[in-house]
Amino acid sequence: MERESTDVSSLYNIARASYGLGKYELVIDYCSEAKKTEPSNPNILLLMSNGLISLGRYAEALLCTDNILEFDPNQVQALLQKAKALKLSKRYEMALEYYDRVLKIEVENLESWMSKGLIHIDLNNFEDAESCFKQILKLEPNNVEALSSIGFIEINRGDYKKALDSLDKAVKIDPDFESALRLRGIAKEHMQNYREAIEDLQSSLRIEPRQVLSYLHLGFCLQKQSKHQEALSAYVRASELDPRNIDAIFGRGISLMSLQSYGDAKECFRQLLEIKQHHADALEKKGICHNFLLEYGDAISCFDKILGTDPDNESCLVNKAISLHELREYYKALDLCTRAIEINSQNADAWSVRGHCYGRLLEFKQAIKCYTTVLEIMNSGSGKGLQMDSMQSTLPIDPKTPFSNKIHFRRVLENCKEYLHWVDKYFSKPGFEFIIDAIPQLQVKEIRILTKVDKEKTEQLRKPFLEFAEELKNKGIDCQMRVITDPKIHQSFHDRWILSKNNCFNVPSTDIIKRNVMTEIHYSTNRPPFDEWWEKSYDIQKDWNDKIYPTIVLLKNAS
């Protein structure tokens, strides 16, 4: 009898060691052997149920816990184990019953309160879940899991400030608590604080580098910061971890579109549609890629599939109109734009494409009315505005309309919200004049101008900029100007941009506007990395002088 007991103990110890090594099949084998001698031993049955749960064999695990409870109905570990097996098999109501049985025996059992709270979250019973987590905090005020869970609930309620209160406490207690960092990043994302959100999400990934959700949110935040290559890398990593994750595939497609890799983006949306055939957003984006690739027939086929079930889909109506415009079917395109405008008179995309069509039909008065409406919608901030999915809206600069040309450019400036960032390698004095003209309607507190290294030209700009900055300072607008010296940045772009919080415009030079040379102003979806370029540039007043300029040139030549 004594030898048999020793054999059982050895078998049990080997099973425990096997569990620690993650070898769950061995756990089952050794526990089964030990159970032959001691079939009612609760320790053996509990360890065996743990192994079965780890293998996803929940029904067998429940049989083990039932064997224990048959002899001792109040055995807390067996009740917890049974509740866990029920929870994992998604039998939530029964699992809650067993957690409640535990709490009747041990009212301060944190595992039960936590598991109950998590089940209520799965059931979207956020009030019940919150009461469970608050009970934990009464018992253990620094419980980071409970604080993080409350943060999760507040995010789902849309109260991001309250969420941050809980999540900040959790991170302060444990700076390496991955879920708190991830959730705090998500809360900041919803508050459009993308820079800090990126920092939190990157910190969470250093702790748990296989968390798909973190990569998805990181990709989204990077996109919002116009860091499309980095966003693409995040979505690619998410896809590597979960190849059929449609959000990761969709994010890859959007990033590739932003990088103008329309062929690769189209392939992403095709893959997604193989997984989820009726994903309308992917189908529309695929159609837009076809448009950019000049595959207008294929684009129309995509848009028609959506319009077949959703005939009032504004963006699809406009995108199909773009395809028809490129196929020179202007009257059909006009009909679609009219339908979109009837649905939403503030759809700037529809007005813009309508203007293009009238222009092609040589009905210039109608075209100008459409473009004027676009500017009114954008300037009022009340409309839908221009969407990433649509053809870039265009404002003509024409020798025949010198007065309108200046108005168009001024309205671009007047449409800027919060800040005005202007990138022009060859920025000149007329730029200051255009901004001054727009001052009565200008809605910004910050103006930043980036231009190129050219000592003679830069010296000519220093004095007028100083006068310009002083005048605007009196109006509560902070003005700064920096000079780009890095040749790599010079080579990375050719166009000029005016950026603000709400819009980005690709613009001609102010000299061309003044000379009334035929050109266009485009609404752009491709925002340059202004902040990155700004940090690598030199202040025109503080840094740009006879002492520092030669050093800059030497450094540039050395590179």
In Å and rounded to the nearest 0.5 Å, what is the CG to CD1 distance from Leu232 to Ile254?
-> 12.0 Å
Could you point out which residue of Asn319, Leu336, Leu334 forms a side-chain contact (heavy atoms from CB on, under 4.5 Å) with Leu324?
-> Leu336
Under 3.5 Å donor-acceptor, Ser255 side chain and Arg252 backbone = no
Test ring pair (Phe, Tyr, Trp, His ring centres under 6.0 Å) applied to Phe432 and Phe427, step by step | CA-CA 9 Å; Phe432 300 139; Phe427 188 89; 5.2 Å; yes
For Glu145 and Phe177, the nearest pair of non-hydrogen atoms, with its separation, is CA-CZ, 3.9 Å
Expected output: side-chain Ser148 to main-chain Ser179 donor-acceptor under 3.5 Å | no
For Cys370 and Thr372, what are the C-alpha separation, side-chain angles and deciding distance, and is it a side chain to side chain contact (heavy atoms under 4.5 Å, CB included)?
-> CA-CA 5 Å; Cys370 291; Thr372 302; over 6 Å; no
Does some side-chain heavy atom of Leu317 sit less than 4.5 Å from a side-chain heavy atom of Cys337?
-> no
Shortest non-hydrogen contact from Val423 toward Phe530 | CG2-CD1, 3.4 Å
Is it true that atom CD of Glu127 has more than 12 heavy atoms of other residues, nucleotides or ligands lying nearer than 6.0 Å?
-> no
Please state whether the rings of Trp497 and Trp533 are parallel, tilted or perpendicular, taking 30° and 60° as the class boundaries.
-> tilted
Ignoring hydrogens and angles, tell me if any N or O in the side chain of Ser166 forms a donor-acceptor pair with the backbone of Ala163 under 3.5 Å.
-> no
Should Arg195 and Glu199 count as an ion pair when the cut-off is N to O under 4.0 Å?
-> no
Over 60° means perpendicular and under 30° means parallel, so classify the ring planes of Phe434 and Phe409, tilted if in between.
-> tilted
Is there a donor-acceptor contact under 3.5 Å linking the side chains of Ser323 and Asn291?
-> yes
Roughly how far, to the nearest 0.5 Å, is the CG atom of Asp531 from the NE2 atom of His421?
-> 6.5 Å
Would Tyr296 and His290 count as a close aromatic pair, with their ring centres under 6.0 Å?
-> no
What pair of heavy atoms forms the shortest contact from Ile449 to Ile447, and how long is it?
-> CG1-CG2, 4.2 Å
Heavy atoms of Ile249 and Pro243 approach each other most closely as CD1-O, 3.7 Å
For Ser345, does its backbone N or O pair with a side-chain atom of Trp351 as donor and acceptor, under 3.5 Å?
-> yes
Rounded distance [0.5 Å steps], CD1 in Ile246 versus CG in Asp242 | 10.0 Å
Does the pair Gln211 and Ser204 meet the rule for a side-chain hydrogen bond (donor to acceptor under 3.5 Å, both in side chains), with working shown?
-> CA-CA 9 Å; Gln211 175 56 256; Ser204 75; over 6 Å; no
Side chain to side chain contact (heavy atoms under 4.5 Å, CB included) between Leu213 and Arg182, intermediate numbers included = CA-CA 9 Å; Leu213 190 61; Arg182 169 166 34 90; 4.1 Å; yes
Would the number of heavy atoms belonging to other residues, nucleotides or ligands and lying under 6.0 Å from NZ of Lys305 be above 12?
-> no
Are Arg237 and Glu240 within salt-bridge range, i.e. N to O under 4.0 Å?
-> yes
Where the side chain of Ser89 meets the backbone of Ala85, is there a donor-acceptor pair that is under 3.5 Å apart?
-> yes
Does any non-hydrogen side-chain atom of Cys289 lie less than 4.5 Å from one of Met257?
-> yes
So does Asp168 pair up with Arg184, basic N to acidic O under 4.0 Å?
-> yes
Answer whether the closest heavy-atom distance between the side chains of Asn506 and Ile521 falls below 4.5 Å.
-> no
Less than 4.0 Å between a side-chain N and a carboxylate O, is that true for Lys445 and Asp478?
-> no
Asn125 side-chain N/O to Ile121 backbone N/O, donor-acceptor pair under 3.5 Å | no
Is there a side-chain contact between Asp424 and Leu450 (heavy atoms, below 4.5 Å)?
-> no
Minimum side-chain heavy-atom gap Pro528-Leu499 below 4.5 Å = yes
Could you grab the distance from atom SG of Cys132 to atom CD1 of Ile150, nearest 0.5 Å is fine?
-> 10.5 Å
How about Glu208 and Ser214: does a side-chain donor come under 3.5 Å of a side-chain acceptor?
-> no
Give the minimum heavy-atom separation between Leu413 and Ala438, together with the two atoms involved.
-> CB-CB, 4.0 Å
Given Cys316 and Asp310, is the side chain to side chain contact (heavy atoms under 4.5 Å, CB included) satisfied, shown in steps?
-> CA-CA 9 Å; Cys316 274; Asp310 184 8; over 6 Å; no
Distance flag, aromatic centroids of His356 and Tyr371, threshold under 6.0 Å = yes
Would you say Trp422 and Phe505 make side-chain contact, with heavy atoms under 4.5 Å?
-> no
Going through the checks in order, is the salt bridge (Lys or Arg N to Asp or Glu O under 4.0 Å) test met by Glu295 and Lys266?
-> CA-CA 11 Å; Glu295 299 164 352; Lys266 182 181 73 174; 3.2 Å; yes
Closest non-hydrogen atom pair between Ala367 and Gly355, with its separation = CB-O, 3.4 Å
Euclidean distance, Ile300 CD1 relative to Leu327 CG, rounded to 0.5 Å = 5.0 Å
Asn344 versus Asn347, side-chain donor and acceptor atoms under 3.5 Å = no
Got a donor-acceptor contact below 3.5 angstrom from the Tyr419 side chain to the Ser500 backbone?
-> yes
Mark yes or no for whether Ser301, through its side chain, and Gly297, through its backbone, hold a donor-acceptor pair below 3.5 Å.
-> no
Just do the salt bridge (Lys or Arg N to Asp or Glu O under 4.0 Å) check on Glu446 and Arg448 with the steps written out, would you?
-> CA-CA 7 Å; Glu446 171 189 284; Arg448 291 184 177 182; 3.5 Å; yes
Criterion salt bridge (Lys or Arg N to Asp or Glu O under 4.0 Å) on Arg410 and Asp437, from CA distance to verdict = CA-CA 7 Å; Arg410 192 177 72 201; Asp437 285 343; 5.9 Å; no
Could you please spell out the steps behind the salt bridge (Lys or Arg N to Asp or Glu O under 4.0 Å) verdict for Glu154 and Arg157?
-> CA-CA 5 Å; Glu154 296 298 352; Arg157 287 174 175 163; 3.4 Å; yes
Can you tell if the side chain of Met191 reaches within under 4.5 Å of the side chain of Leu164, non-hydrogen atoms only?
-> yes
Determine yes or no for a side-chain-to-main-chain donor-acceptor pair under 3.5 angstrom, with Tyr358 supplying the side chain and Ile368 the backbone.
-> no
Under 3.5 Å: donor-acceptor pair, side chain of Gln225, backbone of Lys227 | no
Atom pair NZ (Lys90) and OH (Tyr58), whose distance is rounded to the nearest 0.5 Å = 8.5 Å
Ring centres under 6.0 angstrom apart (Tyr92, His120) | no
Find out whether Asp247 and Phe220 are in side-chain contact, i.e. whether some heavy atom of one side chain is under 4.5 Å from a heavy atom of the other.
-> no
